[in-house]
Amino acid sequence: MTDTSDTRPADSEARSPGQSALHRVMRYVPLIAPVLLWAVPCWVLLYAGQHWPLPVTLAGSAVFALGLVAMPLAMARGHGRRQQDGAAIVGDTLLGTGWVLFTWSVLLGVLLRLALLLTGVGEGQDRARIITWAVLGVSAVLLAWGYVEARRVPRVRRLDVRLPRLGAGLNGTRVALITDTHYGPLDRARWSARVCETVNTLEADLVCHTGDIADGTAERRRAQAAPLGTVRATRARVYVTGNHEYYSEAQGWVDLMDELGWEPLRNRHLLLERGGDTLVVAGVDDVTAESSGLEGHHAHLDGALSGVDPDHPVLLLAHQPKFVDRAAAAGVDLQLSGHTHGGQIWPFHHLVRLDQPALAGLTRHGDRTLLYTSRGTGFWGPPFRVFAPSEITLLVLRSPGAVT
């Protein structure tokens, strides 16, 4: 692996894309989300015709009121200036629980009620109580399963990716991808070590981390990130920043990854050469970097590709899938991204799709450019994954006409 890029982040860059529809919606979410998340399930489970005994109604209402008050307070103390890990765990768990209860209160409150009505099962109060127990049962099962899914070591997802411009000498190049590890309030040092052990079994030529290493500074999460130093690759280990690094002193994470033996591709590239053929491996800072105020941090694709032979295929690391528009315009062959978590807790993926062009998997953009979006290796915030499993990805690059 040869470093051919002397280009460092320039002092200026094109303006980041305009505020998306999701960003406009998200401005109002902190005001209305807690009320909706807790008030809707409270109504569906307690007041929609069940006629529970008064002590049950009062106790249930108190539980929902406590969730409504405690969740934003714990989130503020855990993710605000205080950065209290215990409060963050409580707030994140309540957020995930509230989301699941809200989702299934709405779905079962409408669909199951309609099914019971059409089939003539029960009377008004009986139907309402059936819905209550169904919502509680489904939510409990999904939360338990989602917790196990979030905390387990991800399964390896393997796929061949055919790049028309890849030379035969590089056919079979193995690229391992991890992303969105999100080391955070829940100590996952042992999990981190097991993830790295799994990556090492893949015998990859190139190992990539496409950002969102952690929630918290490098100093606070060093113990959880330290196993990344044990990852092995026959050619190189490369890393780009994600948006969460810019909430937690991004330069500290760049320095730590460098210390652990990873190559931070901050708007520059390396060359992977084998059998007389060359693959350009480039990386850019996350698109949020420019607004972070950190000097020299911004997404600069021209800098990353400076001096590149236009006949060589390009593999680009960019944290967010929406960077693919710029990648396609520049003729990039394959972009690797994370960020979406595959939605993490269904049906949140519908909101993710308002902001990103892809949720997970391999997609084509333009005539040449492929985008692979990982569902992520860890989880953000709520310790649950529902219908959005985590992954460690092994992509085997294939040249034209190669037999797989």
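- Between Leu371 and Ser337, the shortest heavy-atom contact is CD1-OG, 3.7 Å.
- In this structure, Glu245 and Val240 approach most closely via the heavy-atom pair OE2-O, 4.3 Å.
- Judged by distance alone, the side chain of Arg385 and the main-chain N or O of His341 form a donor-acceptor pair under 3.5 Å.
- Salt-bridge annotation for Glu263 and Arg235: absent, with no side-chain N of the basic residue lying under 4.0 Å from a carboxylate O of the acidic one.
- Among all heavy-atom pairs drawn from Trp38 and Gly67, the shortest one is NE1-O, 3.6 Å.
- The closest donor-acceptor contact from the side chain of Arg127 to the backbone of Val121 lies under 3.5 Å.
- Residues satisfying the side-chain hydrogen bond (donor to acceptor under 3.5 Å, both in side chains) criterion with Glu249, sequence neighbours excluded, are absent altogether.
- In this structure, the side chain of Asp277 does not engage the main chain of Leu166 through any donor-acceptor pair within 3.5 Å.
- Counting only heavy atoms from C-beta outward, the side chains of Leu362 and Leu370 approach each other to under 4.5 Å.
- For Arg194, the CZ atom sits in a loose shell: 12 or fewer heavy atoms of surrounding residues, nucleotides or ligands are nearer than 6.0 Å.
- Of the candidates Thr340, Thr373, Asp286, Gln320 forms a side-chain hydrogen bond (donor to acceptor under 3.5 Å, both in side chains) with just one, namely Asp286.
- Taking 4.5 Å as the limit, every side-chain heavy atom of Tyr147 sits out of range of all side-chain heavy atoms of Thr93.
- Within the 3.5 Å criterion, the main-chain N or O of Gly80 finds a donor-acceptor partner in the side chain of Gln83.
- Here Arg266 does not pair with Asp258 in a salt bridge; the nearest charged N to carboxylate O distance is not below 4.0 Å.
- Between Asp215 and Ser248, the closest side-chain pair of non-hydrogen atoms is not below 4.5 Å.
- At distances below 3.5 Å, not a single donor-acceptor pair connects side-chain atoms of Asp333 with backbone N or O atoms of Leu163.
- Residue Arg165 qualifies as enclosed at atom CZ: its count of foreign heavy atoms under 6.0 Å is above 12.
- Remark: the Thr132 side chain and the Gln50 side chain contain an N/O donor-acceptor pair separated by less than 3.5 Å.
- Scanning all heavy atoms of the two residues, the minimum distance from Ala218 to Gly252 falls at CB-O, 3.6 Å.
- In this structure, Asp309 places its CG atom where more than 12 heavy-atom neighbours from other residues, nucleotides or ligands lie under 6.0 Å away.
- Within 6.0 Å of atom CZ in Arg152, more than 12 heavy atoms from other residues, nucleotides or ligands are found, so the atom counts as buried in its surroundings.
- Taking the ring pair (Phe, Tyr, Trp, His ring centres under 6.0 Å) definition, one finds that Trp99 meets it with Phe348, sequence neighbours left out.
- Here the closest non-hydrogen pair linking Leu228 and Ile178 is CD2-CD1, 3.9 Å.
- Between the side chains of Ser291 and Tyr246, no donor-acceptor pair of N or O atoms lies under 3.5 Å.
- Ring-plane geometry between Tyr247 and His244 is classed as perpendicular, the angle between the planes exceeding 60 degrees on a 0 to 90 degree scale with a lower cut at 30.
- Counted by atom type alone, Thr393 and Glu391 present one or more donor-acceptor pairs between their side chains at under 3.5 Å.
- Within the 4.5 Å cutoff, no side-chain heavy atoms of Leu394 are placed close to those of Ile392.
- Ring pair Trp145/Phe387: centre-to-centre distance below 6.0 Å.
- The shortest distance between side-chain heavy atoms of Asn243 and Asp212 falls below 4.5 Å.
- For Trp52 (side chain) and Leu45 (main-chain N/O), a donor-acceptor pair under 3.5 Å exists by modelled atom type.
- In summary, the side chains of Thr181 and His209 do present a donor paired with an acceptor at a separation below 3.5 Å, with no hydrogens or angles considered.
- Between Phe379 and Glu149 there is no side-chain heavy-atom pair separated by less than 4.5 Å.
- Not one N or O on the side chain of Thr179 forms a donor-acceptor pair closer than 3.5 Å with the backbone of Gly376.
- Heavy atoms from other residues, nucleotides or ligands lying under 6.0 Å from CD of Glu259 number more than 12.
- Using a 4.5 Å cut-off on side-chain heavy atoms (C-beta onward), Leu334 and Leu397 make contact.
- Between His349 and Gly342 the shortest heavy-atom distance is CB-O, 4.0 Å.
- Residues Asp205 and Arg274 meet the side-chain proximity criterion, which asks for heavy atoms closer than 4.5 Å.
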